[in-house]
**Student:** 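Take a look at this one; I'll ask things after.
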Amino acid sequence: MNFEVKMLKTDILIIGGGTAGCFAAITIAEKEPNVNVLIVEKANIKRSGCLAAGVNALNAYITEGETPETYLQYVKEDYENIVREDLVYTMALKLNEVTKKIEDMGLVILKDSNGKYLARGKRNIKINGENIKPILAKAVESKENIKVLNHVNIIDYIVKDNKVIGAYGFSVNSNIFYIITAKAVICTTGGAAGLYRPNNPGFSRHKMWYPPFNVGSGYAMGIRAGCEMTSYEVRFIALRCKDTLAPTGTIAQEVGAEFVNSKGEYYERKYGRPTTYNRVFSTVEEMKAGRGPCYLKTVGISKEDEQRLIKAYLHMAPSQTLKWIDSGKGPSVENVEIEGSEPYIVGGHSASGYWVDTKRQTTLKGLFAAGDVVGGCPHKYVTGCFAEAEIAANSALDYIKNKDFETLDISVVEQKLKEVQKFFKNAPSLYTTEELEEAMQKVMDTYAGGISTGYAYNSKGLKIAKEKIDQLFELSQNLRAENSYQLMQIYELIDRLYVCKVLIHHLEARKETRWRAFQEFVDYPYKDDENFLKYVNSRFENGKVHIIFRSLVKKDEVYEHKD
Amino acid sequence: MSIRIDRERCVGCGKCAEICPGNLICIDENNKAFIRNPRDCWGCAACVKECEFSAIRYFLGTDIGGNGTTMYVEKENDEVMYWYFEKPSGEKEVIIQNLKDNTTY
C-alpha cells in the first residue's frame, strides 16, 4: 500500500473528538466565529471516547452547601495532597457553568418536584445521559467554523523550534496521509487502557471499564516530542462490577449499598479513610486473606430500587443490565460481585498526564491539553473535562492572536512519511501486533504491579519490566501492515509501549507507598512525607526517560513553565 | 461481550461501520456488515442503537457469565428507546426509556 498525501491548514487543530475535544471546539466557535477549528477523530465524534455508551451522572458538580474550595479539599484528601491545586481549583470554579451549558445543548438533567437538580451524594447530579455524545456532536456540527475529520488517526506532532505547528495522521479506512498545519494544537486524546493484562483476557478482553480504543496516543506523542509529563505512577485502578467492569458508584450511591466480604462482614472501615484508592486496596486485601469474593450488598433492596438501577445502567453500561436480565438474578436477590480493574493511566480520575501551566499549555509552545490526557488534576469526570477544555480553548485563542502559519520543513515531512511507510514494506514478521500487545500486557502485569500481584511491585521486577518493554520496542519495528487499519494497530501498540516505558520509570522514582494498590512499592511500604510531598515528572530525551522532582503548586498560584 | 450481525436483516447501510468507536465493523463484498474480530468489541452498544433494522444483537461472552440472552434496541425519534432482551427460550422482555423524562432514569 502507498499513501496519497493531503495537506490541510487550520487555525486550531483539536486532536480527539471526545468529551474535552468537542467542548473545546464549541468554546472556540462561540467566542471567535472567524477562527477555523479542525477536530481530528480516530472514530466518529458521535460515539467516540469515554462517553460512547453514555453516562448517568455528572460526578463533578458543586451542589448546595458545597463550594469550589470544598471540592479542592476533597480532591486533595482523596489523592494524598499530590495534586495541582491551581488546576483543580480553576476547574472547580467552572463546573456549574459548564453544566448549564451542556443542559442548554439538550442534555436532560433529572430534577425534583421543585425543579432542582437531583443530587446523588455531595458532588453528583443525575442525568439521562445515554445520548450525551450525540448531543455534543450535534452542537459541534451546528457551528460553521468547526470542521470534523472522522476516522483519522493522528500519530505525531509537527515540532519546529520547540513549537508545535501541526500534526501527522492517516485515514484508518483509506490510503490518505494527512499533514496538518495549525497555529495552535489542543490535545484531547484521553487516557490509556490495555497497558496491563486485562480482567477478562480471553474472548471478552476488551470488556474493560475504560475504552480499549483509548491507548494513550496523546501521551505517547507528547513523550516523543519531549513534553514534560507528571504523576504516571499515580495509576488508576477502578473498583468495578465483576465481569462487566461497569461502574459501582451508581449502586453505592443510588441504594446506599456497602461492601461486604464472603462472610457478610462490612470491611471498608477496617482499612482507614474511605478514599478511592483505599476502596480498591481493602477489597484486594480481603481477597488475599481468603475472604473473597467481595460484593456490594444489594440483597433486600426494593423492586422499585432494582428497576431504577436496571434503567440507570442502560444510560452508561448496558452490559450490566444485560447481565442482570441474562442471569435472571437482579440486584435485589443477588449481591453485586466486585473486583479491581487492570491499572489505567488516566488524568481525569487520578493524576497522570501532561505537565501543564495554569492555562493548560504544555511545556511545548503552541500545544495545549485538556481532559484525561492532562495530569495533576484528579476527579475531573465529564464536567471537569468540559471546564478544562474551556480553559485550554481560551488559552489557545490568546496564543494565536497575531500569529501566522509556520512553514513546513519538507525534509522533515519526507522523513516522517518514510518512517510510516516502512511498516507497509517490512517483510512478514514472525510475530503479530496482537501477540506483541499480549506480551506487553503480561510483562506489565507480572513485573509492574498488575492484577496478578495484587497491584504490588518491587525494584527487581521493574528492572525486568524495563528490559522486556525495550525488547518489545525492537520487535515492534519489524511489524508489517497490509492496510491502514493494521497500521493504526501497530501505532497503538507502539504508543502503549511508550506509556509503559515512562510509567515504569515513574514507579521506580517514587520510593514510598502513598496510594495503596494504585502505587504499592513493596520495597518502600510506607508513605514518606518528608521526601515525597512532591510531583514525580519526566522528560524523554535521546531515547532516555529523565526524572524531575517538582514542588507542590498551591491553589492561588499561577504556574508558568520556566525551566 | 460482543455483537452478532444478522446477515439476513442487514441492508448494508454502513451506519454501524461509521459509528463504531473502535473502527471494528466493515461492509463486505456482498454489502453486509461484519465485525473484524468479535474479541475487540468494547460493548458500548453504539452500533446496536444505530441499526434501524435490528440486525445487531449484543451478548455477553460466556467468559463473563453469558447465558445466551441477546439485546437489541428500537428507537422512536431519538426520544424513546425500547431495549429488547431475548432469552434462549425465545422469551422477550422490553425496557422502555424516555430520554426526555427529567424526573427519573
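Owing to the predicted nature of the structure, the values given are computational and were not obtained by experimental measurement. What you see below is based on every heavy atom in this structure, not just the backbone, and it leaves out hydrogens, waters and symmetry mates. Lettering follows sequence order; numbering is per chain, from 1.
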**Student:** Sub-3.5 Å donor-acceptor pair from the side chain of A:Lys311 to the main-chain atoms of B:Ile95, do we have one?
**Tutor:**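 The answer is no, because no donor-acceptor pair under 3.5 Å joins these two groups.
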
**Student:** Side chain, backbone, both or neither: which part of A:Glu434 has a heavy atom under 4.5 Å from chain B?
**Tutor:** side chain

**Student:** With respect to chain A, which residue among B:Thr103, B:Thr104, B:Leu24, B:Asp78 yields the maximal number of heavy-atom pairs within a distance under 4.5 Å?
**Tutor:**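 Among B:Thr103, B:Thr104, B:Leu24, B:Asp78, the one with the most close pairs to chain A is B:Thr104.
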
**Student:** Could you look at B:Glu18 and say if it's the side chain, the backbone, both or neither that has a heavy atom under 4.5 Å from chain A?
**Tutor:** both

**Student:** Side chain from CB out, backbone as N, CA, C, O: work out which of these in A:Gln320 comes under 4.5 Å of a heavy atom of chain B, or both, or neither.
**Tutor:**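 A:Gln320 has no heavy atom closer than 4.5 Å to chain B.
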
**Student:** Has A:Gln441 got a side-chain atom pairing as donor or acceptor with A:Gly194's backbone, closer than 3.5 angstrom?
**Tutor:** yes

**Student:** Inspect the contact between A:Arg47 and A:Glu130 and indicate whether a charged nitrogen and a carboxylate oxygen are less than 4.0 angstrom apart.
**Tutor:**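 Looking at A:Glu130 and A:Arg47, the cut-off is met.
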
**Student:** Could you check which of A:Pro134, A:Ser48, A:Ala52, A:Ala312 has the highest count of heavy-atom pairs closer than 4.5 Å to chain B?
**Tutor:**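 Looking at each option in turn, the highest pair count goes to A:Ala312.
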
**Student:** Using the benzene-type ring in the case of Trp, are the ring centres of B:Tyr72 and B:Trp83 under 6.0 Å apart?
**Tutor:** no

**Student:** Would you check if the side chain of B:Tyr58 reaches a backbone N or O of B:Gly43 as a donor-acceptor pair within less than 3.5 Å?
**Tutor:** yes

**Student:** Highest number of heavy-atom pairs under 4.5 Å with chain A: which of B:Ile19, B:Asn37, B:Asp40?
**Tutor:**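 With the most close heavy-atom pairs to chain A, the winner is B:Asp40.
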
**Student:** Do A:Gln486 side-chain atoms and A:Glu482 backbone N/O form a donor-acceptor pair below 3.5 Å?
**Tutor:**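 Indeed, once roles are kept as given, a pair shorter than 3.5 Å links the two residues.
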
**Student:** Below 4.5 Å from any heavy atom of chain B, which atoms of A:Lys133 appear? Answer side chain, backbone, both or neither.
**Tutor:**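 The answer is neither part of A:Lys133.
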
**Student:** Hey, which of A:Asp326, A:Thr244, A:Asn128 has the most heavy atom pairs under 4.5 Å with chain B?
**Tutor:**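 Highest number of pairs under 4.5 Å: A:Asp326.
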
**Student:** Counting only N and O atoms by type, is there a donor-acceptor contact under 3.5 Å from the side chain of A:Trp324 to the main-chain atoms of A:Ile310?
**Tutor:** no

**Student:** Flag the one option from A:Asn56, A:Thr321, A:Asn200 with the top tally of heavy-atom pairs under 4.5 Å to chain B.
**Tutor:**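 Most heavy-atom pairs within the cutoff with chain B belong to A:Asn56.
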
**Student:** Top residue by heavy-atom pair count (under 4.5 Å) with chain B, among A:Leu309, A:Val108, A:Leu110?
**Tutor:**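 Top count of heavy-atom pairs under 4.5 Å with chain B: A:Leu110.
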
**Student:** If you tally heavy-atom pairs under 4.5 Å against chain B, which of A:Ala43, A:Gly106, A:Pro211 wins?
**Tutor:** A:Pro211

**Student:** Let me know if A:Ile325 has heavy atoms under 4.5 Å from chain B in its side chain, its backbone, both or neither.
**Tutor:** both

**Student:** Who among A:Lys46, A:Gln307, A:Lys242 has the most heavy-atom pairs with chain B under 4.5 Å?
**Tutor:** A:Lys46

**Student:** Is it true that B:Glu93 and B:Lys87 make a salt bridge, defined as a side-chain N closer than 4.0 Å to a carboxylate O?
**Tutor:**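 Looking at B:Lys87 together with B:Glu93, the answer is no, because their closest N to O distance does not fall below 4.0 Å.
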
**Student:** Measure distances from A:Tyr210 to the heavy atoms of chain B and classify the residue's part below 4.5 Å as side chain, backbone, both or neither.
**Tutor:**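 Interface part for A:Tyr210: backbone (N, CA, C, O).
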
**Student:** Which region of B:Cys26, side chain (C-beta onward) or backbone (N, CA, C, O), has a non-hydrogen atom less than 4.5 Å from a non-hydrogen atom of chain A, or is it both or neither?
**Tutor:**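 No part of it gets close to chain A.
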
**Student:** Would you call A:Glu438 and A:Arg197 a salt bridge, taking side-chain N to carboxylate O under 4.0 Å as the test?
**Tutor:**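 Judged by the 4.0 Å cut-off on N to carboxylate O distance, A:Glu438 and A:Arg197 do not form a salt bridge.
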
**Student:** So does A:Asp305 get a backbone contact from the side chain of A:Ser302, meaning a donor-acceptor N/O pair under 3.5 Å?
**Tutor:**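 Present.
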
